Amino acid sequence: MNLLNHFLFFLLLSIPRISSAKWWKDGNPIPNSIHSLITVTNLISNKFNEAKNNSILLQNIINNAKPGATIIVPPSKDKTPYWFHGGNQFSNLLNITIEIQGEIRAVTTCFDGCWPQSKSGNFLHFFFFENCQHLKVYGQGRIDGSGKGWWARYTIGAHTKNKRPKLFVFQNVTDLLVANLTFVNSPSFNLLLSPVARAEVDHVTVITDRNIVRRLKSTMSERRRLATSS
């Protein structure tokens, strides 16, 4: 074995082996969990004015689901998105699986007086989960935050100190799986986990319209140039 082969042999030995096993131990199972399948069939697709009703419907179904339930959001029959309002909040879920197969899209050009806000004035997140155990959110679906209007407003428009909404936030959640989803044009960050224990994020795709971002940056640069030259 020549010197080069010796080097390659020891290099291969030094490469760490990646194990598919989880590095954590799952939390205790939720007692009295009974598997059930719930398909959300009453969402209205391709109608902007149904956004509020779609949000209320999905929140009621998920927040009232029994431990062990799987809630499926199927694709719409015409393959168009379901419009949703902001501030979709879910709490105290125990051993719940949410499978998003269709496209969920946030309402556009909806700010003060339309998008829900917290007591401090910050805009509520698009999807917010708190105090949950053994939670799975996955599927082949798309979640579109309709962020272009937010970017323009906070870059060149009537900017306020109130913070923009994030797409998905998980707070005080244990044993969490987020997988196989596509996040599109979030108003702010796409995913925030704070705090969580034993979480796995797998095969998540993030898409941002960089052309819009570049145009906004160019507009701001031109404004700064004009301001300094005047």
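What you see is a predicted model; the values in this text were computed from it and never measured.
Phe168 pairs in a side-chain contact (heavy atoms from CB on, under 4.5 Å) with only one of the listed residues (Leu192, Asn88, Ile143, Val178), which is Ile143. Looking at Thr205, Thr182, Ile104 one by one, the single match for side-chain contact (heavy atoms from CB on, under 4.5 Å) with Arg142 turns out to be Thr182.
Hydrophobic clustering of Ile, Leu, Val, Met, Phe, Trp and Tyr side chains at less than 4.5 Å, counting indirect connections, keeps Leu177 apart from Val169. Under a hydrophobic-cluster definition in which Ile, Leu, Val, Met, Phe, Trp and Tyr are linked whenever side-chain heavy atoms come within less than 4.5 Å, directly or via other members, Val173 and Ile71 are assigned to the same cluster. Under the 4.5 Å side-chain heavy-atom criterion for Ile, Leu, Val, Met, Phe, Trp and Tyr, Phe48 and Trp150 are members of the same hydrophobic cluster. Linking ILVMFWY side-chain heavy atoms closer than 4.5 Å, directly or via other members, places Leu193 and Leu181 in a single hydrophobic cluster. Using a 4.5 Å cut-off between side-chain heavy atoms of Ile, Leu, Val, Met, Phe, Trp and Tyr, with links allowed through other members, Phe123 and Val107 fall into the same hydrophobic cluster.
Separating the OG atom in Ser188 from the NZ atom in Lys163 is a distance of 9.0 Å, to the nearest 0.5 Å. In this structure, the separation between CG on Asn180 and NE2 on His203 is 7.0 Å, given to the nearest 0.5 Å. Interatomic distance, Lys161 NZ to Asn122 CG, rounded to the nearest 0.5 Å: 9.5 Å. To the nearest 0.5 Å, the span separating CD1 on Ile62 from CG on Leu135 amounts to 9.0 Å. In this structure, Arg198 CZ and Thr174 OG1 are separated by 5.5 Å, a value rounded to the nearest 0.5 Å.
The minimum heavy-atom distance linking Ala179 with Val204 is given by the pair CA-CG2, 4.4 Å. Counting all heavy atoms, side chain and backbone alike, Trp151 lies closest to Arg164 at CD1-NH1, 3.8 Å. Across every non-hydrogen atom of Ser146 and Ala106, the tightest pair is OG-O, 2.6 Å. Residues Gly121 and Asn162 approach most closely at O-CG, 3.1 Å, considering heavy atoms.
For Phe128 and Phe90, the ring centers sit 6.0 Å or farther from each other.
Salt bridge Glu103/Arg105: present, at least one basic N to carboxylate O contact under 4.0 Å. Salt-bridge annotation for Lys148 and Asp209: present, with a side-chain N of the basic residue lying under 4.0 Å from a carboxylate O of the acidic one.
Remark: the backbone N or O of His85 is paired with a side-chain donor or acceptor of Ser55 at under 3.5 angstrom. Side-chain atoms of His125 come within 3.5 Å of backbone N or O of Lys166 as a donor-acceptor pair. Remark: the backbone N or O of Gly102 is not paired with any side-chain donor or acceptor of Tyr82 at under 3.5 angstrom. Within the 3.5 Å criterion, the main-chain N or O of Ile44 finds a donor-acceptor partner in the side chain of Asn54. Trp115 places a side-chain N or O within 3.5 Å of a backbone atom of Leu124 that can act as its donor or acceptor partner. At least one donor-acceptor pair under 3.5 Å links the side chain of Asp175 to the backbone N or O of Gly27. Judged purely by atom type and a 3.5 angstrom limit, Asn63 uses its side chain to pair as donor or acceptor with the backbone of Gln59.
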Please report the C-alpha distance between Asn131 and Ser91 in whole Å, then the side-chain angles of each, then the deciding distance to 0.1 Å, and finally whether the side chain to side chain donor-acceptor pair (under 3.5 Å) criterion is met.
CA-CA 6 Å; Asn131 302 326; Ser91 59; over 6 Å; no

Starting from the C-alpha separation in whole Å, work towards a yes-or-no answer on side chain to side chain contact (heavy atoms under 4.5 Å, CB included) for Leu167 and Leu191.
CA-CA 6 Å; Leu167 209 57; Leu191 188 61; over 6 Å; no

Would Asn185 and Thr208 satisfy side chain to side chain donor-acceptor pair (under 3.5 Å), going step by step from the backbone distance to the final call?
CA-CA 5 Å; Asn185 293 339; Thr208 303; 4.9 Å; no

Output, in order, the C-alpha distance, side-chain angles, deciding distance and verdict of side chain to side chain donor-acceptor pair (under 3.5 Å) for Thr39 and Thr41.
CA-CA 6 Å; Thr39 301; Thr41 58; over 6 Å; no

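Counting heavy-atom neighbours within 6.0 Å of Ile34 CD1, excluding the residue itself, gives a total of 12 or less. No more than 12 heavy atoms of other residues, nucleotides or ligands lie within 6.0 Å of CG in Asn32, so this atom counts as exposed by the packing criterion.
Contact annotation: the side chain of Gln140 never approaches that of Gln101 to less than 4.5 Å [non-hydrogen atoms, C-beta and beyond].
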